[in-house]
Amino acid sequence: MNTAAKKTITVRYFAMFREHAGVAEETLQADVATAHDVFEVTRARHGSEEPNGHCKVAINDHMADWDSPVSDGDTVLLFPPVAGG
Amino acid sequence: MNTAAKKTITVRYFAMFREHAGVAEETLQADVATAHDVFEVTRARHGSEEPNGHCKVAINDHMADWDSPVSDGDTVLLFPPVAGG
Amino acid sequence: MMEVTQKAIDPAALQRSLANPAAGGYCAFEGWVRNENEGHVVERLEYEAYEPLCLTEGEKVLAEAKEMFPYLEARCVHRVGLLEIGDCAVWIGVVSAHRDEAFKACRYIIDKIKVRLPVWKKEHYANGDSGWVNCERCVQHGIAD
Amino acid sequence: MMEVTQKAIDPAALQRSLANPAAGGYCAFEGWVRNENEGHVVERLEYEAYEPLCLTEGEKVLAEAKEMFPYLEARCVHRVGLLEIGDCAVWIGVVSAHRDEAFKACRYIIDKIKVRLPVWKKEHYANGDSGWVNCERCVQHGIAD
């Protein structure tokens, strides 16, 4: 197993994702290239099938796209569908 | 002069019309059939050339058209162009 | 409900009167006296209204708005008398289940209030002149000239 | 200015902060907690927000609105925490020289706030259940089921 290829990513879960995961934040080491990859490897945690455009993602406090690249040490925020107002 | 054909009409002037007439209300006896006729016979008082769609008229506290008939004893309200709000 | 008042408008009290547990959206509009109109520096405004017809015409406008954009509650108050810069001349509040009706009804009401109610305003300018808004050319020898 | 607060929103104080002598129109929108949603009797709502991104995204929305509908002043406050029926969850106020910009900017802001800010609401129903709005089908085995 090539651990050198793995990145350390902090993942933060919000609202329903947090309740489903049972934690607000965790740090994982995984072989991920994009925000979408992070969504996939944490699927069992947040419980959602696919981002499908309704979920949103931010990287280091900036709104991002699902195909945005993630770097070692990034914090990825996983947002379930919003409902403000 | 056939005074039997004349009607007694109370005319009320508002805003600029009242300032121009120098009175808020007066009663006149005139040979008038419609609200427009009242506007015409009081033209020198309110000072306006023509109702032209911007001025409005009410008869006995009901909004009326310029060709609405007036009856003996009616009160005709002459409204210059409005500017609410 | 349509009202005409000589007293300062109290938006907070008016808003409280519209509370409704089924309401999800509240839209309010206020017309404020501003310091300029068509290039003139305005110092204050004088509003005159013919109250009986303001009330009947205002109620009609509120009913039309409700027919088109079903709302839960709505209220409109127009102030008369001498107003200073920043004073609230007209207040409209609409509450509805969802925001779309509240916005659309509120807009409809102010648009119609401005052209249908027998209300007139006289601007007092910084140079000492005054003039009735919309009316300067409607009288042959206007007092405002 | 965009704000997120845990305290009750005070519309009167917020409105006063927007006073501007060149303003002729003021439009406000408030989102209130209502007692029903999609057939469920709602007893209260719990709002959660990720404040850092609410602020940056909210400021973007206000700037976009100003670009499209040039206004003089605008402010938006979103409340978080546990809210009761009738409580104000979001407040938006816009002042402009004329009413058109105030209405349009206010509507633009609430429309975008609702879909772009990281804010979530959990409804607590009369029967004891609860559910995250817009989210019930987004999780395989939702806690809200």
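By convention in this document, chain letters (A, B, ...) are assigned in the order of the sequence lines, proteins followed by strands, and residues within each chain are numbered from 1. Every value quoted in this text rests on a predicted model; they were computed, and no experiment measured them.
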I need the contact set between [range] and chain B: heavy-atom distance under 4.5 Å, sorted by residue number.
range                      : answer
residues 97-108 of chain C : none
residues 70-87 of chain C  : C:H78
residues 1-24 of chain C   : none

Given a strict heavy-atom distance threshold of 4.5 Å, which part of [X] is in contact with chain B: side chain, backbone, both, or neither?
X      : value
C:V90  : side chain
C:E46  : neither
C:P118 : both

Close contacts, residues 78-85 of chain B versus chain C, judged by heavy atoms under 4.5 Å:
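Residues of residues 78-85 of chain B touching chain C at under 4.5 Å: B:F79, B:P80, B:P81, B:V82, B:A83, B:G84, B:G85.
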
As an exercise, state the distance from [atom1] of [X] to [atom2] of [Y], rounded to the nearest 0.5 Å.
X     : Y      : atom1 : atom2 : result
B:M16 : C:N134 : CE    : CG    : 11.0 Å
B:R18 : C:W120 : CZ    : CH2   : 8.5 Å
B:E19 : C:K122 : CD    : NZ    : 3.5 Å

As an exercise: rank C:I113, C:I110, C:I92, C:V115 by heavy-atom pairs under 4.5 Å with chain B and give me the winner.
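When all of C:I113, C:I110, C:I92, C:V115 are compared, C:V115 has the most.
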
Can you see which heavy atom on C:L53 is nearest to which on B:D61, and at what distance?
CD2-O, 3.1 Å

